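Letters A, B, ... are given to chains in the order of the sequence lines, protein chains preceding strands, and every chain is numbered from 1. The shown structure was predicted, so the numbers you read here are calculated from the model rather than taken from an experiment.
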Number of protein chains: 2
Amino acid sequence: MMEKRSHCPFVFALDLIGDKWSLIILRDIILMNKKFYKDFSNSGEGISTNILADRLAKLECAKIIFKKRDSVDKKRFIYSPTEKGLDLIPMMLEMVLWSARYDKKSAISADILKLIKKDPDNFMENIKNRFR
Amino acid sequence: MMEKRSHCPFVFALDLIGDKWSLIILRDIILMNKKFYKDFSNSGEGISTNILADRLAKLECAKIIFKKRDSVDKKRFIYSPTEKGLDLIPMMLEMVLWSARYDKKSAISADILKLIKKDPDNFMENIKNRFR
DNA sequence: TTGCGTTACTTGTAAATTGCAAGCATAAGC
DNA sequence: GCTTATGCTTGCAATTTACAAGTAACGCAA
């Protein structure tokens with residue numbers, strides 16, 4: 001599908017993460033420090049397992065995340081962000097700021113919001129350092 | 001649907017603009033200066049008219065855009081961004097920067113890219129001034 | 001080494017969403 | 001009042017998603 005969609009930057013990004021679930025998974029991996037399939041499945045947002053498997057495969061295929069066996073418990077896999085995935089952080093933070101402004105019931109804490117606003121680059125670097 | 005989705009900022013944003021078309025429409029309105037239904041329909045991305053009508057209605061319902069009759073040609077309607085819609089610009093620009101970095105065939109010009117990187121706030125203010 | 005639980009999926013099927021082509025409604029201009 | 005332009009709506013087939021159930025691979029304990 002989508003052969004006729006252009007090389008517009010929006011089209012590029014939306015074809016990779018423009019659905020209701022991909023960014024939720026990336027939120028879990030990048031911001032919530034989750035690593036395992038089961039963590040994503042139990043994130044509380046109600047993603048079904050077939051969709052979760054499909055999105056993880058697509059994100060891995062797009063080199064936004066990667067997957068490796070956990071050396072501690074070889075039954076499971078660790079999903080981690082690539083640099084390409086981590087570079088989505090600025091966009092994700094702007095999305096958070098927008099939602100915090102317009103969602104009266106926003107569940108984000110004022111403290112974290114302040115941190116993001118004060119120095120978004122620093123906020124991002126702290127996250128990146130966790131993965132290196 | 002989606003009664004069980006949380007008040008996470010990502011969920012809030014994705015429920016409003018997390019699909020393959022809403023941000024394309026907003027790109028046309030906010031960044032490409034398009035105003036009319038037919039402009040969106042002919043944007044070259046191949047959106048079908050029922051989906052276009054549906055997304056315009058949802059964006060209007062979410063107060064991200066608004067619609068009024070064109071006083072010059074009363075056959076048609078003008079679609080414009082609200083402040084809430086314009087406040088999506090920072091997120092949209094970060095999305096553009098990410099795509100420009102990772103899409104080897106990106107169709108965006110180096111000049112515009114430079115403008116965005118140099119002073120994103122100024123870039124946004126210039127756009128906002130067009131609508132006021 | 002064999003059965004058992006844990007993790008990570010896959011499969012089947014129904015429901016919802018989308019794409020495509022065609023048709024309809026309203027307003028202007030002649 | 002007929003024609004054209006614009007902005008949709010409708011019907012139906014195809015694709016995608018949700019939900020429930022089942023399976024495969026591994027580690028561990030007996």
Side-chain angles (χ1 to χ4, degrees), chain A residues 1-6 10-11 14-26 28-29 32-62 65-80, chain B residues 1-6 10-11 14-26 28-29 32-62 65-80:
Chain A
M1 97 192 218
M2 296 296 157
E3 292 86 357
K4 65 172 112 168
R5 280 166 78 99
S6 70
F10 288 100
V11 174
L14 291 172
D15 279 348
L16 298 180
I17 55 164
D19 69 276
K20 291 253 182 273
W21 293 114
S22 297
L23 273 181
I24 298 290
I25 295 169
L26 287 172
D28 284 351
I29 295 178
M32 312 288 275
N33 223 2
K34 291 182 180 178
K35 293 180 180 66
F36 308 115
Y37 189 96
K38 202 169 196 193
D39 294 335
F40 312 139
S41 191
N42 295 340
S43 75
E45 308 293 356
I47 188 171
S48 36
T49 60
N50 54 346
I51 301 299
L52 174 55
D54 179 77
R55 294 305 185 275
L56 286 171
K58 281 178 176 162
L59 289 172
E60 192 189 1
C61 180
I65 61 174
F66 69 96
K67 172 186 182 179
K68 66 173 186 195
R69 231 173 236 293
D70 183 5
S71 55
V72 175
D73 180 350
K74 291 187 179 170
K75 285 193 302 296
R76 57 192 189 179
F77 297 93
I78 294 178
Y79 291 91
S80 311
Chain B
M1 97 190 219
M2 297 295 157
E3 292 86 356
K4 65 172 112 170
R5 281 166 76 99
S6 69
F10 289 100
V11 174
L14 291 171
D15 279 348
L16 298 180
I17 55 165
D19 69 277
K20 291 251 182 274
W21 295 113
S22 297
L23 273 182
I24 298 289
I25 295 170
L26 287 172
D28 284 350
I29 295 178
M32 313 287 276
N33 225 2
K34 292 183 180 177
K35 294 181 180 65
F36 309 115
Y37 188 97
K38 201 168 197 195
D39 295 335
F40 312 139
S41 191
N42 295 340
S43 76
E45 309 292 356
I47 187 171
S48 36
T49 59
N50 54 346
I51 301 298
L52 174 55
D54 178 77
R55 293 306 184 277
L56 286 171
K58 281 179 176 161
L59 288 171
E60 192 188 2
C61 180
I65 62 174
F66 68 97
K67 173 186 182 178
K68 67 172 184 196
R69 231 173 237 292
D70 184 4
S71 55
V72 175
D73 180 351
K74 291 187 179 171
K75 283 193 302 296
R76 56 191 189 178
F77 298 93
I78 294 179
Y79 290 92
S80 312

K.L.:
Does a salt bridge link A:Asp54 with A:Lys58, judged by any charged N lying under 4.0 Å from a carboxylate O?
P.N.:
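So A:Asp54 pairs with A:Lys58 through a salt bridge.
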
K.L.:
Given the rule in the side-chain contact (heavy atoms from CB on, under 4.5 Å) test, do A:Ile25 and A:Leu59 qualify, once you have shown the distances and angles that lead to the verdict?
P.N.:
CA-CA 9 Å; A:Ile25 295 169; A:Leu59 289 172; 4.2 Å; yes

K.L.:
B:Asp15 CG to C:dT17 P: how many Å, rounded?
P.N.:
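About 12 Å, once rounded to whole Å.
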
K.L.:
From NZ of B:Lys68 over to P of D:dG7, roughly how many Å is that when rounded to an integer?
P.N.:
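My rounded result for the distance is 15 Å.
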
K.L.:
Going by an N to O cut-off under 4.0 Å, is there a salt bridge joining B:Lys35 and B:Asp39?
P.N.:
no

K.L.:
Using whole Å, report how far NZ of B:Lys58 lies from C1' of C:dT18.
P.N.:
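The answer, rounded to whole Å, is 11 Å.
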
K.L.:
Can you check nucleotides 6-8 of chain C for protein contacts, nitrogen or oxygen pairs under 3.5 Å, and list what you find?
P.N.:
unit_1, atom_1, unit_2, atom_2, d
C:dT7, OP2, A:Lys38, NZ, 3.1
C:dA8, OP1, A:Phe77, N, 3.3
C:dA8, OP2, A:Lys38, N, 2.9

K.L.:
Keeping the roles fixed (side chain from B:Arg69, backbone from B:Phe77), state whether a donor-acceptor pair exists under 3.5 Å.
P.N.:
no

K.L.:
So, A:Glu45 side chain and A:Ile24 main chain: donor-acceptor pair closer than 3.5 Å or not?
P.N.:
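No, the answer is negative, given that no donor and acceptor are paired below the 3.5 Å cut-off.
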
K.L.:
Distance check needed: C:dC9 P versus A:Ile25 CD1, whole Å only.
P.N.:
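Going from A:Ile25 (CD1) to C:dC9 (P), I get 12 Å.
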
K.L.:
Do the numbers put A:Lys67 on top of the ring of A:Tyr79, so that NZ or CZ is under 6.0 Å from the six-membered ring centre and no more than 45° off the axis?
P.N.:
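No cation-pi geometry.
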
K.L.:
Starting from P on C:dT18, measure out to CG on B:Asp19 and report it in whole angstrom.
P.N.:
7 Å

K.L.:
Could you go through the side-chain contact (heavy atoms from CB on, under 4.5 Å) check for A:Lys34 and A:Phe40 one step at a time?
P.N.:
CA-CA 7 Å; A:Lys34 291 182 180 178; A:Phe40 312 139; 3.8 Å; yes

K.L.:
In whole angstrom, what separates A:Asp70's CG from D:dG27's P?
P.N.:
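Going from A:Asp70 (CG) to D:dG27 (P), I get 11 Å.
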
K.L.:
Name every residue in residues 47-57 of chain B that has at least one heavy atom under 4.0 Å from any atom of DNA chain D, in order of residue number, or write none if there are no such residues.
P.N.:
B:Thr49, B:Asn50, B:Ala53

K.L.:
Once you round it to whole Å, what is the distance between P of D:dT17 and CD1 of A:Ile24?
P.N.:
15 Å

K.L.:
Figure out the NZ/C1' separation between A:Lys20 and C:dA16, and round it to whole Å.
P.N.:
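A:Lys20 atom NZ is separated from C:dA16 atom C1' by 13 Å.
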
